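To start, the structure itself, in structure tokens.
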Amino acid sequence: MRAGDEIKKIALARAKLMPENLNMAIGGSRLNKLAVIKHIEQEDEIGQTIMRLELEYLKDLVSGAIYQNE
Amino acid sequence: MSKSLLVTRSNHDEATKYLYYWSTLVIKAAKQKLFIVYDLAGKKANKKNFDSCLKSNQPAILFLNGHGNATTVTGQGMEPLLEAGKKSAVPGTIIYARSCDAGIILGKTLIKDGAKAFIGYNQKFILGYDSEKRTRPLTDSMAKLFLAPSNLVVMTLIKGQTAQQAQDRSRQAMLKNYRKMTSAAASYRKRYVARWLWSNYKSQVLYGDVAATFK
């Protein structure tokens, strides 16, 4: 499995946990849970952005960057 | 340069509606500090008004709220207000662009055009909000976690503090919110959106003279 496929799987799994009454505004789009899932599945620009966000966050967790300012 | 603030705040979709309403808190604070406020709200946030206001009033601080990309920040109906490569009348101005991606290219271009300092984002600006509060954005405690720290950029500048202090106070407030949102005491919803705020924290950039003030 390619790294891109892995991060897509992770982003999708996480999107499925998104609370129903929550919205995400990003790049001119208003996204509810279903829309987030759809964008990731389609791997369009917004979907790619969300996947990149997940990847960067995971990197920051692993590198400890998130804890550096504590 | 007069003690003045130019605000653009379009209002044509849910994201801009949130920025529109949350900007009112900054406008109110600026007026209390005796700033002259030029408020291009809703349909008034168009290119013609914007250019005219910039040229004739030369505001000390420019606060842009709207959609954007690497080279552009837009107003009502996505009309470009500032574009990289089209020289803008921004000399001596401190600019905060609350929009996506403008820190990638546009911010640096504006510094070359003579702006004192630029604060913006080199990735997408993300806003989490409660779908049940979308008709009353100022009562949305979820949105507050994102927009109160970003408001601090201009809130700090109007106190006469430097661009660096504005950047630091805003980012520190984001970090404080992030810590709260990821604590064991936080609700699941807050923990879920914490990484969106982390993304804004990481992508907020400052260019130009870090010691710049409106004075």
Side-chain angles (χ1 to χ4, degrees), chain A, chain B residues 10 12-19 66-70 72 74 77-78 98-101 121 123-134 137 140 142-143 145-147 168 171-172 174-176 178-179 181-183 187-203:
Chain A
M1 186 176 277
R2 293 180 303 128
D5 295 334
E6 274 296 307
I7 193 63
K8 183 176 178 180
K9 262 179 71 178
I10 291 168
L12 266 178
R14 177 151 169 87
K16 287 172 185 170
L17 297 173
M18 183 168 159
E20 299 289 345
N21 57 354
L22 189 67
N23 279 337
M24 176 190 215
I26 181 169
S29 301
R30 174 179 75 88
L31 310 176
N32 59 16
K33 177 178 180 172
L34 286 176
V36 169
I37 292 170
K38 192 176 168 188
H39 281 289
I40 296 169
E41 282 175 341
Q42 293 177 343
E43 297 183 41
D44 58 18
E45 188 188 349
I46 293 292
Q48 298 270 357
T49 301
I50 295 168
M51 285 189 272
R52 194 163 49 246
L53 185 153
E54 292 293 338
L55 180 61
E56 287 177 13
Y57 189 73
L58 291 175
K59 282 181 182 172
D60 289 340
L61 276 174
V62 171
S63 71
I66 279 173
Y67 310 104
Q68 278 171 7
N69 295 305
E70 282 188 342
Chain B
S10 52
H12 54 93
D13 56 30
E14 273 182 19
T16 53
K17 182 180 182 177
Y18 268 79
L19 304 187
H67 295 303
N69 58 43
T72 309
T74 66
M78 308 290 273
R98 184 153 61 181
S99 65
C100 295
D101 295 329
Y121 301 87
Q123 289 186 45
K124 303 288 182 208
F125 179 83
I126 304 173
L127 169 65
Y129 63 100
D130 187 333
S131 55
E132 289 165 13
K133 297 284 174 64
R134 61 192 180 195
D140 190 334
M142 181 64 75
L145 295 165
F146 294 79
L147 297 177
D168 291 346
R171 291 187 81 236
Q172 281 161 11
M174 278 191 265
L175 196 58
K176 189 175 172 188
Y178 172 81
R179 300 278 178 239
M181 291 158 82
T182 51
S183 72
S187 66
Y188 175 71
R189 299 169 79 240
K190 285 181 181 168
R191 287 202 302 275
Y192 189 89
V193 302
R195 66 186 63 189
W196 302 351
L197 185 63
W198 178 256
S199 177
N200 290 351
Y201 169 79
K202 277 185 68 183
S203 66

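Values below: every heavy atom of this structure, side chains too, minus hydrogens, waters and symmetry copies. Order of the sequence lines fixes the chain letters, A, B, ..., with proteins taken first and strands second; residue numbering starts at 1 for each chain. Only a predicted model underlies this, so the values are computations on that prediction, with no experimental measurement involved.
- Inter-residue side-chain proximity for B:Asp140 and B:Arg134 is flagged as unmet; no heavy-atom pair is nearer than 4.5 Å.
- Neither the backbone nor the side chain of B:Phe146 comes within contact range of chain A; no heavy atoms are under 4.5 Å apart.
- With sequence neighbours left out, B:Tyr121 forms a ring pair (Phe, Tyr, Trp, His ring centres under 6.0 Å) with B:Phe125.
- Proximity to chain B is absent for every atom of A:Asn32, based on heavy atoms less than 4.5 angstrom apart.
- If you measure heavy-atom distances from A:Arg14 to chain B, the contacts under 4.5 Å come from both the backbone and the side chain.
- At a 4.5 Å heavy-atom cutoff, the contact between B:Gln123 and chain A is made by side-chain atoms alone.
- For the set A:Leu17, A:Ile26, A:Asn23, the count of heavy-atom pairs under 4.5 angstrom toward chain B peaks at A:Asn23.
- In this structure, no portion of B:Tyr18 lies under 4.5 Å from any heavy atom of chain A.
- The aromatic rings of B:Trp198 and A:Tyr57 lie perpendicular to each other, with more than 60° between the two planes, well past the 30° mark.
- A salt bridge links B:Arg195 with A:Glu54; the closest basic N to acidic carboxylate O contact falls under 4.0 Å.
- For the options B:Glu14, B:Met78, B:Glu132, heavy-atom pairs under 4.5 Å to chain A are most numerous at B:Glu14.
- Using a 4.5 Å cut-off between heavy atoms, A:Leu22 touches chain B through backbone and side chain atoms alike.
- Of all non-hydrogen atoms in B:Tyr129 and B:Ala143, the two that sit nearest each other are CB-CB, 4.2 Å.
- Contact annotation for B:Lys202: only side-chain heavy atoms (C-beta onward) come within less than 4.5 Å of a heavy atom of chain A.
- In this structure A:Glu43 satisfies the side-chain contact (heavy atoms from CB on, under 4.5 Å) test together with A:Lys8, A:Gln48, A:Met51, sequence neighbours excluded.
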